[in-house]
Amino acid sequence: MEWFIGLSGWLQALLATLFTWALTALGAAFVFFYKNVGKTAFCLMLSGAAGIMLASSFFSLLLPALEQGGDYSYIVLTSGFILGGFLIILTDLIMNKINKHNESKNNSCAVMCIAVTIHNIPEGLAVGVAFGALSQGSGVGAVAAIMLAVGIGIQNFPEGMCVAFPLRANGHSRTKSFFLGQLSGAVEIVAGVIGALAVTWVSGILPFALAFSAGAMVAVVCSELVPESFATDKLKATIGVILGFALMMILDIAFG
């Protein structure tokens, strides 16, 4: 752990986003062995990740942003949070509009791949901003930053499946389905490094960047993870969210 903490922020972000991408690839790799995934496991993975990401948005992003925001923190946090959320909302609106004009299965799969990839950009930024803040000693703890990456990685695992399995069902080879499935998570690596470098080079942007990432994360959870998991099994999804949130909260308070 000490060698990792001693790395520069962008290197920490690089390694963390390589981890989140690896879980995307692992999820996509299941297309080589299975035709589908059990609904219970899928539900618990998504809802647990939702809980972790919600707790991370508060403990790992918004609280440090509040501490760094200064006299006008309420303006900085509110504007950053809203803009981050609206980025995801705008993405969803654009993707839905495109999807309405592409009724074929292949086009629908392409739109889904694009949507997942675009949603992964703010997730990568959130990881990068957290590790950039950690390297600067700006209120984000090592455990909090790591657990943020873990939470995003957990939700990336079924996300890789969500891309790879429909592609396979529509006639693509297993290799192509896996390649496109894992590719959706690769954008997080670039976004993570950019996020870490941005807060390292421009220290004044840190509170806004943290709040922006939190807004984007909450929007992703509300628009993707919660509807998907609760549609499968409301009770299990509720348990998953509570346990995921509690796990992140305990780790952040105890070790953050």
Side-chain angles (χ1 to χ4, degrees), residues 9-24 49-69 76-77 79-91 116-136 138-157 159 184-200 202 205-226 244-245 248 251-252 256:
W10 74 269
L11 274 176
Q12 292 174 348
L14 175 63
L15 293 176
T17 49
L18 280 171
F19 165 77
T20 62
W21 163 80
L23 286 185
T24 306
I52 291 175
M53 290 170 69
L54 284 175
S56 297
S57 297
F58 179 73
F59 292 104
S60 304
L61 299 174
L62 287 177
L63 276 185
L66 180 62
E67 294 173 359
Q68 299 292 319
V76 175
L77 266 66
S79 59
F81 187 87
I82 290 175
L83 286 175
F86 269 110
L87 172 65
I88 301 302
I89 293 172
L90 180 62
T91 299
V116 170
T117 301
I118 293 176
H119 278 175
N120 282 341
I121 293 175
E123 293 173 12
L125 284 173
V127 174
V129 167
F131 281 100
L134 171 64
S135 68
Q136 291 185 299
S138 300
V140 176
V143 172
I146 291 172
M147 283 304 299
L148 174 62
V150 169
I152 291 176
I154 291 173
Q155 72 98 22
N156 279 0
F157 181 79
E159 205 169 70
S184 65
V187 68
E188 289 185 0
I189 301 172
V190 178
V193 172
I194 291 174
L197 290 175
V199 299
T200 302
V202 187
I205 202 177
L206 179 58
F208 179 85
L210 288 168
F212 180 91
S213 299
M217 292 265 288
V218 170
V220 168
V221 169
C222 293
S223 66
E224 299 294 331
L225 303 187
V226 168
F245 193 101
M248 179 65 209
L251 291 173
D252 191 272

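Values reported hereafter were calculated over all heavy atoms of this structure, with side chains retained and with hydrogens, waters and symmetry mates removed. Residue numbers start at 1 and run along the sequence shown.
Partners of Ile194 under the side-chain contact (heavy atoms from CB on, under 4.5 Å) rule, at least two apart in sequence or in another chain, are Val190. Partners of Glu123 under the side chain to side chain donor-acceptor pair (under 3.5 Å) rule, at least two apart in sequence or in another chain, are Gln155. With sequence neighbours excluded, the residues that form a side-chain contact (heavy atoms from CB on, under 4.5 Å) with Val187 are Thr117, Asn120, Ile121. Qualifying side-chain contact (heavy atoms from CB on, under 4.5 Å) partners for Phe19, counting only residues two or more places apart in sequence or in other chains: Leu23, Val150.
Here the CD1 atom belonging to Ile189 is positioned 7.0 Å from the CG atom belonging to Leu14, to the nearest 0.5 angstrom. Here CG of Leu134 is found 5.0 Å from CD of Gln12. Values are rounded to the nearest 0.5 Å. The distance from the CH2 atom of Trp10 to the OG1 atom of Thr17 is 10.5 Å, given to the nearest 0.5 Å. Rounded to the nearest 0.5 angstrom, Leu66 CG and Leu62 CG are separated by 8.5 Å.
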Under 3.5 Å donor-acceptor pairs involving side-chain atoms of residues 79-88, not counting sequence neighbours:
{"unit_1": "Ser79", "atom_1": "OG", "unit_2": "Ile75", "atom_2": "O", "d": "2.8"}
{"unit_1": "Ser79", "atom_1": "OG", "unit_2": "Val76", "atom_2": "O", "d": "3.1"}

Counting only pairs under 3.5 Å, give me each side-chain donor-acceptor contact of residues 205-219, with atom names and distances, residues two or more places apart or in other chains.
{"unit_1": "Ser213", "atom_1": "OG", "unit_2": "Ala209", "atom_2": "O", "d": "2.9"}

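Taking each heavy atom of Leu148 and Ala130 in turn, the nearest pair found is CD2-CB, 3.7 Å. Closest non-hydrogen pair, Ala13 versus Ala196, comes out as CB-CB, 3.8 Å. Across all non-hydrogen atoms, the minimal contact from Ser184 to Thr24 is OG-CG2, 3.9 Å.
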Go through the steps for Phe157 and Ile154 under the test side-chain contact (heavy atoms from CB on, under 4.5 Å), then give the verdict. CA-CA 5 Å; Phe157 181 79; Ile154 291 173; 5.9 Å; no
Derivation of the side-chain contact (heavy atoms from CB on, under 4.5 Å) call for Val127 and Glu188:
CA-CA 9 Å; Val127 174; Glu188 289 185 0; over 6 Å; no
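Under the 4.5 Å side-chain criterion, counting only non-hydrogen atoms from C-beta, Leu54 is not in contact with Phe58.
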